[in-house]
Protein chains: 2
Amino acid sequence: MASNIKMDDKDRLIVRLLSNDARMPVSELSRQVGLSGPSTSERIRRMEAGGIISRFTVDLDLTALGYPLQAIVRIKPRPGNMHIVEDMILNEPGFLDCDKVTGEDCFVTRLALRSIADLDPVLLPFHDKAETNTAIIKSSPLRGRMPV
Amino acid sequence: MASNIKMDDKDRLIVRLLSNDARMPVSELSRQVGLSGPSTSERIRRMEAGGIISRFTVDLDLTALGYPLQAIVRIKPRPGNMHIVEDMILNEPGFLDCDKVTGEDCFVTRLALRSIADLDPVLLPFHDKAETNTAIIKSSPLRGRMPV
DNA sequence: CATGAAAGTGTAGACCC
DNA sequence: GGGTCTACACTTTCATG
């Protein structure tokens with residue numbers, strides 16, 4: 001297990017700057033943080049090795065990609081259908097997130113759609129193996145924030 | 001609204017490579033895509049301008065940051081408390097996502113916790129303004145996938 | 001979309017506190 | 001142990017075909 005790496009304020013600033021622009025050059029990062037280039041590189045490398053930074057990636061705009069609609073779908077498999085339902089979720093590319101949770105529902109998922117007409121066809125195969133509850137997302141006041 | 005940019009296979013490959021490592025140099029990207037450096041840079045710029053790429057960022061590991069627990073919390077404000085409840089969510093740093101949805105619940109949120117003991121104190125202030133329903137996340141078979 | 005020169009950037013080794 | 005400095009190799013950018 002990743003032994004808990006300790007972060008100081010400079011580490012936190014580096015992470016915050018990289019969150020806004022992961023391609024920011026080390027030279028500019030170091031300027032804003034107040035360290036030399038090599039020190040800044042070394043801190044980034046340590047945070048990657050320590051597992052704090054799991055990867056550098058891009059945020060894609062689903063609307064621009066042709067998926068202007070999203071829904072939260074809670075899925076409760078009927079007895080004996082747990083694994084098959086999980087596989088069905090993983091194999092339907094529209095599902096973006098899937099969390100296995102305690103409580104009444106078993107899966108809470110996020111589904112991307114090209115149009116509302118696509119909702120029924122996507123959920124239809126589930127209806128003999130699970131109960132589903134769908135809520136269309138009207139807006140997302142908060143996405144992907146990190147705790148301070 | 002972002003006029004729908006058309007992407008070809010090379011664009012999709014660029015995006016896929018950048019998703020795995022947003023700091024990959026353009027030189028290596030261009031090698032793998034089979035284009036010159038400037039052409040590759042230009043495609044990245046176009047996808048940023050067209051809104052397909054909303055930003056370059058880092059994925060942080062919440063467990064390594066000291067938040068090993070997450071929960072899905074559905075929040076249904078009592079009449080008249082809609083805006084106050086939304087503000088309370090935005091002002092509690094533990095909430096990572098908040099979606100406003102149709103249906104019975106109004107907000108579906110994702111909450112990060114340092115320990116299970118922190119759940120009650122975080123939700124306590126909501127109890128006179130909303131009904132909440134909490135499901136602890138046992139595992140996340142799928143996080144942040146993009147539709148093919 | 002590719003090429004080539006100029007400017008900028010990252011990395012490694014030696015050194016310091 | 002962590003930080004800095006310098007120099008060299010690599011990368012990006014811009015103008016041009």
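Here the structure is a predicted model, which is why all the values come from computation and not from measurement. The chains referred to below are lettered A, B, ... by the order of the sequence lines, with proteins before strands, and numbering in each begins at 1.
Between R31(A) atom CZ and dG8(C) atom C1' the separation is 10 Å, expressed in whole Å. dG10(C) atom C1' lies 14 Å from atom CZ of F56(A), rounded to whole Å. Regarding K10(B), its NZ atom lies at a distance of 9 Å from the P atom of dA2(C), rounded to whole Å. Whole-Å rounding puts the D11(B) CG to dC1(C) P distance at 9 Å. One can place CZ of R23(A) at 14 Å from C1' of dT13(D), the figure rounded to the nearest angstrom. Here dC1(C) presents its C1' atom at 13 Å from CD1 of I14(B), a figure rounded to the nearest Å. Atom CD in E28(B) sits about 14 Å away from atom P in dC10(D), given to the nearest Å.
The side chain to side chain donor-acceptor pair (under 3.5 Å) analysis of residues 122-140 of chain A, with sequence neighbours excluded, yields the pairs S140(A)-D99(B).
Ion pair D105(A)/K76(A) not flagged as a salt bridge, since none of the NZ, NE, NH1 or NH2 atoms sits closer than 4.0 Å to an Asp/Glu carboxylate oxygen. Using a 4.0 Å cut-off between charged nitrogen and carboxylate oxygen, R55(A) and E48(A) do not count as a salt-bridge pair. No salt bridge links R74(B) with E104(B); every basic N to acidic carboxylate O contact stays at or beyond 4.0 Å. A salt bridge links R45(A) and E42(A); the closest N-O separation between the charged side-chain nitrogens and carboxylate oxygens is under 4.0 Å.
Under 4.0 angstrom from either OP1 or OP2 of dG8(C) there lies no side-chain N or O belonging to S27(A).
Within residues 32-48 of chain B, the residues having any heavy atom under 4.0 Å from DNA chain D are, by residue number, P38(B), S41(B).
Under the 4.5 Å side-chain heavy-atom criterion for ILVMFWY residues, a single connected hydrophobic cluster contains both L29(A) and F56(A).
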